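First up is the structure itself, then whatever we jot down about it.
In this text, all values refer to a predicted model and were calculated from it rather than measured experimentally.
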Amino acid sequence: MGYPRLRIRTAIVYLSILSFFLLQNCSAQTVNTHLIQDEIETVTVEKLAYYLYYPQAYEVNENESFPLLLFLHGGGEAGGTLSEVKSNGPPKLIAEGKQFPYLILAPQNPHKRKWWNTQAIMQLLDTVVKTNRVDPKRIYLTGLSRGGSAAWELAVQYPDKFAAMAVVCGMTPVPYASWLDKDMPIWVFHGEDDASIPVSESDEMVKKLKAMGRNVTYTRYKGVGHNAWEKAYANEELYEWFVQYERKQ
C-alpha cells in the first residue's frame, strides 16, 4: 500500500526539479533577449579660448622655425574670463614684460569643475603648429596643479609629441611612468607643505622614474604650499633648460 504514495512523492520531487531548471532557462533566455549589440559615433565639441605669444624675432626672421611651449593653468583659472590665465606662470610673466625666445600657447580650460580635455588641447596645438612657423621637434610642455596633472596625461597619451616637460605640483598614477617616452627629459616641482596635492604624489612618480633610469630632475621646495608655481616659473633656468632639447625623430 506504501509504494504508490512513494512513487507519487518521487514524481512530485522530479517535477519540482524539472520546473526549477525550466524556469532558470527561461529566465536566462529572457535576459539574453534584452542584450543587444550596437554602436554609436560620438562627437564632443570643446571651445577653447587661448593666448598665443610670439617672440620678437618671429617677425624679423621670416625663414626661421621656432620652439613652442604649451602651458596649462591650474583649477583657479578654469571656467572664467581668458584674462585669468595671466594670473600665473609664463602668461603672468609676459604680462609683466618678460620676453621669451619661443612661442607660448596658453589655452583656458572652459570648465570650472572638469579636468582638461586633452584631445581638444592636442587639436588646438596641432592647428597652431600647422599655421605657424613652429619646429615640431622643439615642442615643450608645462602645467601647474590641475594643468600639471593634464601635462602628465598628455605626455602619456602622446609620447612622440614633446621634447621636454616640466610639471608643477601635479599628480598622476605612478604606473603611467612606463608609458612615457623614455628619452623625454622631465623636471618636477612641488612644495613640501602642499595641502591640496600632497608632495607624495611627485615623490612617488619621481622615485619610479629614477628607478627606471629616466632623465628626471626634482625640485622640492621646503616651507612652500600649493603655490609652488610662484618659485618654479620665476626660475630663469627652467626656460633655458627647455631649449636644450629637441626630439630626435
Side-chain angles (χ1 to χ4, degrees), residues 46-53 67-95 98 100 102-126 128 139-159 161-173 176 180 184-191 194-199 201-202 205-206 216-219 221 224-235 238-239 241-242:
E46 189 78 278
K47 184 177 181 179
L48 291 177
Y50 64 91
Y51 285 117
L52 181 59
Y53 167 84
L68 181 146
L69 174 63
L70 172 61
F71 167 73
L72 304 177
H73 63 73
E77 293 79 61
T81 61
L82 181 60
S83 61
E84 294 178 44
V85 174
K86 294 186 287 186
S87 299
N88 296 298
K92 180 177 185 292
L93 298 175
I94 292 170
K98 180 174 175 57
F100 287 91
Y102 37 74
L103 283 77
I104 296 179
L105 174 61
Q108 183 182 38
N109 180 353
H111 307 290
K112 191 69 177 177
R113 301 295 181 184
K114 290 184 180 180
W115 292 102
W116 283 90
N117 182 331
T118 52
Q119 187 175 12
I121 294 171
M122 289 306 299
Q123 290 181 22
L124 171 62
L125 175 61
D126 289 343
V128 169
I139 298 175
Y140 310 116
L141 173 63
T142 188
L144 65 91
S145 191
R146 194 190 304 180
S149 301
W152 283 118
E153 188 177 346
L154 279 170
V156 166
Q157 294 176 348
Y158 304 92
K161 176 65 67 173
F162 303 102
M165 175 177 71
V167 178
V168 184
C169 59
M171 61 181 180
T172 190
Y176 282 8
L180 295 165
M184 181 183 66
I186 302 170
W187 194 343
V188 178
F189 300 83
H190 217 123
D194 194 330
S196 297
I197 299 179
V199 68
E201 291 286 338
S202 290
M205 190 62 169
V206 169
V216 57
T217 302
Y218 189 22
T219 299
Y221 294 119
V224 175
H226 191 49
N227 62 336
W229 54 80
E230 293 182 3
K231 285 182 172 290
Y233 290 114
N235 184 355
L238 173 62
Y239 308 108
W241 174 83
F242 275 125

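Residues meeting the side chain to side chain contact (heavy atoms under 4.5 Å, CB included) test with Glu230, sequence neighbours left out: Asn227. Residues satisfying the side chain to side chain contact (heavy atoms under 4.5 Å, CB included) criterion with Lys112, sequence neighbours excluded, are absent altogether. Legend: residues meeting side chain to side chain donor-acceptor pair (under 3.5 Å) with Lys114, ordered by chain and number and at least two apart, are absent. Not counting sequence neighbours, the partners of Pro198 by the side chain to side chain contact (heavy atoms under 4.5 Å, CB included) test are Ser200, Glu201. Residues meeting the ring-ring contact (aromatic ring centres under 6.0 Å, His included) test with Trp115, sequence neighbours left out: none.
Looking only at distances, no side-chain donor or acceptor of Glu77 sits under 3.5 Å from a matching main-chain atom of Gln108. For the pair His226 (side chain) and Ser145 (backbone), a donor-acceptor distance under 3.5 Å is absent. Formation of a donor-acceptor pair under 3.5 Å by the Tyr239 side chain with backbone atoms of Tyr233 is found in this model.
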Only pairs under 3.5 Å count here: list side-chain donor-acceptor contacts from residues 162-172, not counting sequence neighbours, and write none if there are none.
none

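Expressed to the nearest 0.5 Å, how far CG of Leu141 lies from CZ of Phe242 amounts to 7.5 Å.
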- Message: Could you walk me through whether Leu72 and Thr142 satisfy the side chain to side chain contact (heavy atoms under 4.5 Å, CB included) test, starting with their C-alpha distance in whole Å, then the side-chain angles of each, then the deciding distance to 0.1 Å, before giving a yes or no?
- Response: CA-CA 6 Å; Leu72 304 177; Thr142 188; over 6 Å; no

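Side chains of Thr118 and Gln157: a donor on one and an acceptor on the other come within 3.5 Å.
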